[in-house]
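Data block below; observations after.
Reminder, nothing fancy here: chain letters follow the sequence lines and each chain counts from 1.
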Amino acid sequence: MSKSFWFFISLFASVQLMGQITGGELQEVVIVGQKPVKQMATTITHIDSMMMKETSSETFAELLSKHSTIYVKTYGGGSTATVSFRGTAASHTQVEWNGINVNNPMLGQVDFSLIPVWFVDKTSVYSGGSSLQEGSGALGGTVSMGSSVDWSKKFYGAVMQNIGSFGLHQTFLDVGGGSRKWQMRFRYMYDEAENDFEYLNRAIPPFEVVRQENADYKKHGGVIDVNYNAGRGNFLSLNLWAVHADRNLPTIMSYQGAGRTETQEDTDFRSVFKWNKYWGKFRSELTASFSATRMDYFLSNVTGLTSSYVNNDSRSEVKSLQGKYSLEYSPSERTTYRLLGNVAYHKVDVYDRKQSSGYAHDRVEAGLSLSAHRKFTDWFSGFALLREDVCEERWTPLMPSLGVEFGSFAGFSVKANVARNYHQPSLNDMYWSPGGNPDLRPEKGYTGDVSLAYDRRVGAFSFNANVTGYVSDIEDWIMWRPSEFRYWTAENVRTVLSRGVELTASSTLSYGGVKATVGGNYAYTRTTNEDSTSEGYGRQLIYIPEHKGSIKADVDYRGFYLYYVWSAVSERYTTESTEATRHTLRGYDLHDVTLGKKWNVSKVCAIDTSIKINNVGDRKYQSILWRAMPGRNYMFSLKFSYK
Amino acid sequence: MKKSVIYILLALLVSACGDDLMTGGRQYYYPESGVFVCNEGNFMYGNAALTYYDPSSKEVENQIFYNANNFPLGDVCQSMEIINGRGYVVVNNSGVVYVIDPITFKYLGKISGLTSPRFIMGTGSGKLYVTEYYSPSIKVVDEATLSLIGEISLPVQDAGAMVRVDGYVYVCASASPCVVCKIDASNDKLVASTPVTLSPNSIVVDKNKKLWVLSDGGYYGSPLGQEVAAISRINLSTMQVEKVLTFPSINDSPYNLRINGAGDKLYYVSYNVYAMGIDDGVLPVTPFVAADAGQMYYGIGVEPSSGDVYITDAVDYMQKGKVLRYSKSGEKIDSFTADIIPGAFCFKKK
């Protein structure tokens, strides 16, 4: 047995252990296998089940914000949340659900506030060039999430009801079961809040404590997973996703006008069909997907006592068909070759009834990659990958990616990665009327990272840590700037250099009846405009904090549990200015605590109650300039589960 | 639940009392003539700002509103006027006009509850007119109480720039059909309206009491269509368009027509800054101040007494913009950094 084998055994074991001890969710011992050769030398972070459980009633905006090095920019309380990964733009993070890209091809990005953690079982984060293994375009990285299946369960279910401050009501349902041949699962969520929190408005005179208005939302949706084991190494699955969100958008804190109504309604439907086949030294995976997204946006302004003016009444519809095929061939335990092909057809239709403007466009894109992964010796492995894309009949240059991994030596291992990647402009960037620019080139990124991992397990104590340094050079970064006609237009204008350090660490201790996990992450991000002819040369890009980090601690004692997360973000510029200005957002830190107790009523039934306090210190802060955020708030949760 | 809300409320109240509220602002004192620069800021960012420039000492003060008052100016500062010794700062997307002391920059009051204010003008009789986007009317405000006291219905919405001549206010509206409206300021009645070419954006009056209107012609793909940009001259007594100077290319999109204090020289921005005499008869070909390649100027203002021309360069619209100061003969006098997207100017006379 190699050392790296034990390294991964312990790594996974610690994750599983944490899942078992504190939450009691993962009762079954998952058989830990050796890390597949194709994951060697790849920078992947798995968000563990404990972190998923802690945020199970929240969305990916909160999950990533608290438990990853990714920075989340949010309008707060159920509103739009986008991310910046390694100092890049929101569109530079690719998001996959069950292997299919779910970035909105119109906007290029994902609203993470529309992804409930409840609907997801596993999450992996591919950083930098490692993301090329699944597809192109992720100049920052890829967040990959999906459902998992447990063939051993006959019947299981859970119901959770939450009540919280500011009119929060949430209902979650999870029911599933089947046989060793069939497994079905249905999950549902209903989430609504008035969001009418009080805050001190320092943006308008006189300074008063006011109640947030027009920030209420309603979200509901469901996920269905069907898995079929057809025998002889054939596995079929169907995953369906439907989420509807109806949101009122509050005004900026300085607004004092006659009245404004702004609403957004999102409907996302996704379906993924998958056929996995294993035979001999081969593994093939065929994925087909259809998705449809609709977004309605409405804005009107009160113009008189009885009159109002509708500014926008728009509907954006996106339909996508995607196919993906992966074939792996492993001539030996030490070598894997992989061929990955994908094709996508996107159709976008945007129309504003009020403005009588919009556009309709469709796009075909395809890509093909070939990779070889090899474990040369017990302590040295690597991969080489080559990818080619074509988008709307334009070929992008070749995208190579290389990685090596050394270790483990006394618990230490080292990984290095380099890649060139391209990100296609979104359909809005190219065709929005007015301002879309059909002549845009794809954004080009060169990226490299080196990471050092340490893993140690002594008796009941385990510790792992990872430090990664990266550099990314992005050229032809797309920005919207005013044109001579004073509407804004998209251009390939910017060169950006992003570099930084990511640090994650976690340790677990079980002693007596007490199980404790302490962990944390930290990201240093320096991302600057590198166009020497520009006035903004050398300046940190806006809304990207230099420092971001969190510390979490989980303690479990005889069913009583305590989760604690302390997350902090440093100041952010909202304009490209080297010096702090009055527009600079101050750094902030938030403490979130959950206290709970789980009773095992019988061998199969359990009741779990908890109280969660968010923003314990009642911190007044802004994530986005002059957007109010809630102070201390509470949530009471009651969960009944059957396994 | 209720308790938690009460606790939060209490906590907020306590912290509110402990803060140095609006009283702790910076003490400015600029009694001499000077220039206010309205920095629009980015739409929906709430980062508008006021800059003050002293032309004699060339001293620049940025963020004067925030510094003096301890609260931000708001979202998109469109314009500023000094009326009867008070400064009126129009903050478009905040739906408010702030009233400040033009010497100390201290907040004096506000006109709130507006829809989307763009420009303000005094009528000379205790009333103020405010033009707004979206609204098919001009709001009438009582100068003493700053409350809305009425509105003047227009045949078209998106009323914009105004000038006042002999008790009448002339306003151009950029929505279709594009017109210049004449309003009797004594009774707030619409007297006449005259059609002009597509998308008028600025209006001035010359020494002969002729009205000049600059229309940018819209843009390709606009719901209103596109036509060639033009400057029209209107006879005030007949309200007839007497003269139309059309721009050579459909791609010309001029804006910000200004006039000097003597009322005989027009200025506008079209990438570069151009100047022309009111009797020139043709549009100028050579710029008054040429922009660098790939750059374009944004705002412009002409100081009435000296004739100095102030030009703004919004750079990339994300960082602090620049203001350039030229003499009336086109010599560069000074340049300084203002704030995000410097657009409009307001000249304070001692």
Side-chain angles (χ1 to χ4, degrees), chain A residues 163-166 197-200 202-209 252-260 301-304 307 309 311 355-357 433-434 479 481-488 493 534-536 539 542 574-577 581-583 618 620 624-627 631-634 636, chain B residues 1 4-5 7-9 11-13 15-16 19 21-22 41-42 44-47 49 63 66-67 69-75 91 93-96 107 110 112-116 132 134-137 151 157 216 218-223 251 253 255 271 296 314-320 340:
Chain A
I163 294 172
S165 307
F166 323 130
F197 56 89
E198 309 229 339
Y199 68 98
L200 174 67
R202 299 189 61 126
I204 55 178
F207 297 167
E208 285 172 332
V209 173
I252 194 164
M253 282 159 75
S254 53
Y255 180 73
Q256 298 164 75
R260 189 176 280 175
N301 275 283
V302 173
T303 55
S307 56
Y309 177 82
N311 301 67
Q355 302 273 334
S356 309
S357 71
S433 176
M479 299 271 295
R481 329 202 319 155
S483 69
E484 64 268 38
F485 296 101
R486 289 175 297 289
Y487 56 71
W488 291 55
V493 282
S534 146
E535 298 277 335
R539 295 178 179 181
I542 64 168
T574 61
T575 63
E576 285 188 10
S577 186
T581 69
R582 296 217 77 144
H583 309 307
D618 200 25
K620 290 162 195 67
I624 295 173
L625 195 61
W626 300 115
R627 299 285 173 175
R632 185 187 307 119
N633 60 90
Y634 304 85
F636 178 75
Chain B
M1 258 308 295
S4 74
V5 173
Y7 285 140
I8 289 164
L9 222 131
L12 283 167
L13 280 172
S15 63
D19 281 322
L21 296 184
M22 292 155 55
N42 302 106
M44 299 297 273
Y45 273 51
N47 59 0
Q63 289 284 351
Y66 205 154
N67 290 339
N69 300 302
N70 266 352
F71 65 90
L73 185 54
D75 198 23
V91 193
N93 205 39
S94 290
V96 71
Y107 168 78
K110 63 180 174 181
S112 57
L114 297 165
T115 303
S116 183
E132 300 194 280
Y134 321 136
S135 173
S137 64
E151 53 184 330
Q157 66 199 27
D216 59 48
Y219 56 86
Y220 177 75
S222 159
N251 291 323
S253 184
Y255 52 109
Y271 267 103
M296 51 188 176
V315 194
D316 64 0
Y317 296 78
M318 295 301 287
Q319 57 175 292
K320 289 179 176 181
I340 314 297

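- Only the backbone of Ser483(A) comes within less than 4.5 Å of a heavy atom in chain B; its side chain stays farther off.
- Highest contact tally toward chain A, considering only Leu114(B), Val96(B), Val315(B), is held by Leu114(B) [criterion: heavy-atom pairs under 4.5 Å].
- The structure places CD of Glu151(B) at 7.5 Å from OG1 of Thr303(A), a figure rounded to the nearest 0.5 Å.
- Heavy atoms of Leu625(A) lying under 4.5 Å from chain B belong to its backbone as well as its side chain.
- The part of Ile340(B) that comes within reach of chain A is its side chain, from C-beta onward, which places non-hydrogen atoms under 4.5 angstrom from that chain.
- Distance CG/Asn311(A) to OG/Ser116(B): 8.0 Å, rounded to 0.5 Å.
- Interface check for chain B: of the options Arg260(A), Arg627(A), Gln256(A), the most heavy-atom pairs under 4.5 Å are formed by Gln256(A).
- In this structure the side chain of Lys320(B) never reaches within 4.5 angstrom of the side chain of Thr575(A), judged on heavy atoms.
- In plain terms, the two heavy atoms of Met296(B) and Pro482(A) that are nearest each other are CE-O, 3.3 Å.
- Once rounded to the nearest 0.5 Å, the distance linking OH of Tyr219(B) with OG of Ser433(A) reads 7.0 Å.
- Contact count versus chain A (heavy atoms, under 4.5 Å) is highest, among Ser222(B), Pro136(B), Gly95(B), for Gly95(B).
- From Asn93(B), atom CG reaches atom OG of Ser254(A) across 8.0 Å, with rounding to the nearest 0.5 Å.
- Both the backbone and the side chain of Tyr255(A) come within less than 4.5 Å of a heavy atom in chain B.
- Tyr66(B) and Trp626(A) have tilted rings, their planes meeting at an angle from 30° to 60° on a 0 to 90° scale.
- Taking CD of Gln319(B) as the start and CZ of Arg539(A) as the end, the distance is 5.0 Å to the nearest 0.5 Å.
- Neither the backbone nor the side chain of Phe197(A) has a heavy atom closer than 4.5 Å to any heavy atom of chain B.
- For chain A, the nearby parts of Tyr45(B) are the backbone and the side chain; heavy atoms of each come within less than 4.5 Å.
- Contact between Ala258(A) and Gly113(B) at its shortest, heavy atoms only, is CB-O, 3.2 Å.
- Using modelled atom types, one side-chain atom of Thr115(B) and one backbone atom of Val302(A) make a donor-acceptor pair closer than 3.5 Å.
- For the atom pair CD1 of Ile252(A) and OG of Ser94(B), the computed distance is 7.0 Å after rounding to the nearest 0.5 Å.
- Nearest heavy-atom pair across Asn47(B) and His583(A) is O-CE1, 3.1 Å.
- Within the 4.5 Å cutoff, side-chain heavy atoms of Asn67(B) are placed close to those of Arg582(A).
- Minimum heavy-atom separation, Tyr309(A) to Gln157(B): CE1-NE2, 3.1 Å.
- Heavy atoms of Ile542(A) lying under 4.5 Å from chain B belong exclusively to its side chain.
- Using modelled atom types, one side-chain atom of Lys110(B) and one backbone atom of Pro205(A) make a donor-acceptor pair closer than 3.5 Å.
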